[in-house]
S.K.: 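Submitted below is the structure of interest, expressed as structure tokens.
Residue numbers run from 1 in the order of the sequence given. Atoms within a ligand are numbered from 1 in the order they appear, just like the ligands themselves.
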Amino acid sequence: MAQRDPQASADNIQWWRRAEQVMPGGVNSPSRSFGGVGGGAPPVMVRGDGAWIVDAEGRRYLDYQAAYGPLVLGHAHPAVVAAVARQAAQGVVLGATHPLEVQWAERIRLAIPGMQWVRLVSTGTEAVMSALRLARAATGRTTVVKFQGLYHGHSDAMLVKAGSGAATVGGGTSAGVTQAVQDEVVVLPYNDASAAARCLDRRGSQVAAILVEPVVGNSGTLLPHPGYLAHLRRLADRVGALLIFDEVITAFRFRWGAVEQEAGVEPDLYCLGKIIGGGLAAGAYGGRTDLKALLAPEGRVYQAGTHAGNPLAAAAGLATLSVLRETDPYLKMAELAGMLEAGLRDQARSQGVPVAINRKGGMFTLFFTEGPVHDAEGAAAASAPQFHAFYHHLLAHGIYLAPSALECWFVSAAHTADDIERTLAATGGALAAAARAV
Ligand SMILES: *Cc1c(COP(=O)(O)O)cnc(C)c1O
């Protein structure tokens with residue numbers, strides 16, 4: 001039997017100590033810290049392959065974090081690796097229009113016909129921030145309506161009552177966001193049709209855009225009530241505001257294209273990120289034809305980027321979209337996540353732990369609460385101590401989740417039925433640990 005090298009076994013903690021010395025909180029993105037799971041030193045990850053991720057001590061974990069969403073094909077998919085390597089040898093950034101970025105934009109437009117034009121950027125944050133600038137220019141208005149607990153990146157206006165990692169700072173509003181910026185943002189409860197109607201009745205003439213995740217991934221998974229998105233579409237039309245769908249998590253997650261195509265509600269602008277970059281840094285926005293002419297250099301709305309449309313990201317993104325197109329893994333991902341959901345429900349019932357599970361396709365969240373969970377308030381009502389106990393038991397048994405109760409599990413195309421069995425073999429004990437943690 002292989003023995004662990006005693007030197008190597010200190011690696012996680014040594015790297016973590018060095019990380020804490022040089023980077024605030026030891027991380028470059030707050031949600032990677034263990035603040036959301038009761039503290040501790042996170043394992044330091046050195047590589048991934050398929051559905052697995054490997055820490056600095058050689059310990060292997062089944063990975064349901066998927067880097068917070070991009071890795072729909074799992075880690076180091078051979079087609080993605082080959083495409084990136086091929087392009088890297090040809091130059092990693094060229095500072096001019098490149099054939100791969102043209103093909104990338106065309107592929108996105110083909111998959112999402114409502115995106116009649118595409119502007120590529122480097123992050124989801126930039127996609128949303130830029131789409132809002134465009135909406136304000138198009139309408140000549142200032143106010144943005146968004147929803148409590150959703151996350152749209154870390155631009156100033158989007159850090160008013162935000163979800164995801166930002167929900168752990170005071171009320172989701174970051175220090176350093178000025179009062180003037182806060183006054184330009186209205187935050188409503190998600191899934192509350194009458195709150196939206198009342199707000200738009202009162203302030204509609206000032207509203208540039210209604211911005212929403214059509215399926216939410218940042219207060220854990222939240223699903224829109226039937227008719228809710230159509231209601232937002234009608235309200236936007238009534239007051240002359242733009243409807244913006246932030247599909248950074250959802251696009252290409254449940255189907256070839258956007259969630260919008262299933263909801264039957266078309267926004268004026270879409271924001272994309274995560275999966276479209278195939279694991280490299282990427283984002284995109286686009287939508288209605290007439291809005292294209294407002295963007296520089298055609299128009300007067302400025303937005304730029306040294307790495308926008310980056311050839312490496314284009315190579316990874318195109319390769320990922322091609323594999324998704326050719327293999328259509330969506331039904332399989334949904335079935336595997338369905339097995340996991342059913343198993344978790346059975347185990348929770350037999351342990352006497354109340355849980356609510358929200359799932360769409362391969363994405364879901366288990367909340368330690370009676371539920372149902374329809375909004376940020378419901379998600380926040382879940383038991384923190386139970387999640388912490390559940391999380392650490394799973395980590396110790398080789399199952400890696402994002403370290404927060406407000407994130408999702410992502411079943412990727414690389415997961416197998418065996419992986420689900422292996423996971424369920426660990427979750428029974430994790431739920432028992434949660435049962436003891438009340
Ligand atoms: C992750 C995310 C963003 C931000 O994307 P970054 O690439 O991290 O800047 C924006 N909106 C949603 C819905 C997200 O999930």
S.K.: Could you tell me whether Lys274 and Glu247 make a salt bridge, using a distance below 4.0 angstrom between a side-chain N and a carboxylate O?
M.R.: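 Salt bridge: no.
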
S.K.: Quick one: table the atom pairs, ligand 1 N or O against protein N or O, below 3.5 Å, distance rounded to 0.1 Å.
M.R.:
residue: ligand 1; atom: 5 (O); partner: Gly124; partner atom: N; Å: 3.4
residue: ligand 1; atom: 7 (O); partner: Gly124; partner atom: N; Å: 2.9
residue: ligand 1; atom: 9 (O); partner: Gly124; partner atom: N; Å: 3.4
residue: ligand 1; atom: 9 (O); partner: Thr125; partner atom: N; Å: 2.8
residue: ligand 1; atom: 9 (O); partner: Thr125; partner atom: OG1; Å: 2.6
residue: ligand 1; atom: 11 (N); partner: Tyr151; partner atom: O; Å: 3.2
residue: ligand 1; atom: 11 (N); partner: Asp246; partner atom: OD1; Å: 3.3
residue: ligand 1; atom: 11 (N); partner: Asp246; partner atom: OD2; Å: 2.6
residue: ligand 1; atom: 15 (O); partner: Asn218; partner atom: ND2; Å: 3.1
residue: ligand 1; atom: 15 (O); partner: Lys274; partner atom: NZ; Å: 2.6

S.K.: Are the charged groups of Arg233 and Asp268 less than 4.0 angstrom apart, N to O?
M.R.: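 Between Asp268 and Arg233 there is a salt bridge, with a charged N closer than 4.0 Å to a carboxylate O.
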
S.K.: Any salt bridge linking Asp49 with Arg47? Criterion: basic side-chain nitrogen under 4.0 Å from a carboxylate oxygen.
M.R.: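 Yes, this pair counts.
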
S.K.: Considering only NZ, NE, NH1 and NH2 on the basic side and carboxylate oxygens on the acidic side, decide whether Asp246 and Lys146 come within less than 4.0 Å.
M.R.: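 Salt bridge flag = no for Lys146 with Asp246.
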
S.K.: Determine whether Leu340 and Thr423 satisfy the following criterion, side chain to side chain contact (heavy atoms under 4.5 Å, CB included), listing intermediate values before the conclusion.
M.R.: CA-CA 8 Å; Leu340 199 41; Thr423 305; 3.9 Å; yes

S.K.: Mind checking side chain to side chain donor-acceptor pair (under 3.5 Å) for Asn358 and listing every partner two or more places apart, or none if nothing turns up?
M.R.: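 For Asn358 there are no side chain to side chain donor-acceptor pair (under 3.5 Å) partners, ignoring immediate neighbours.
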
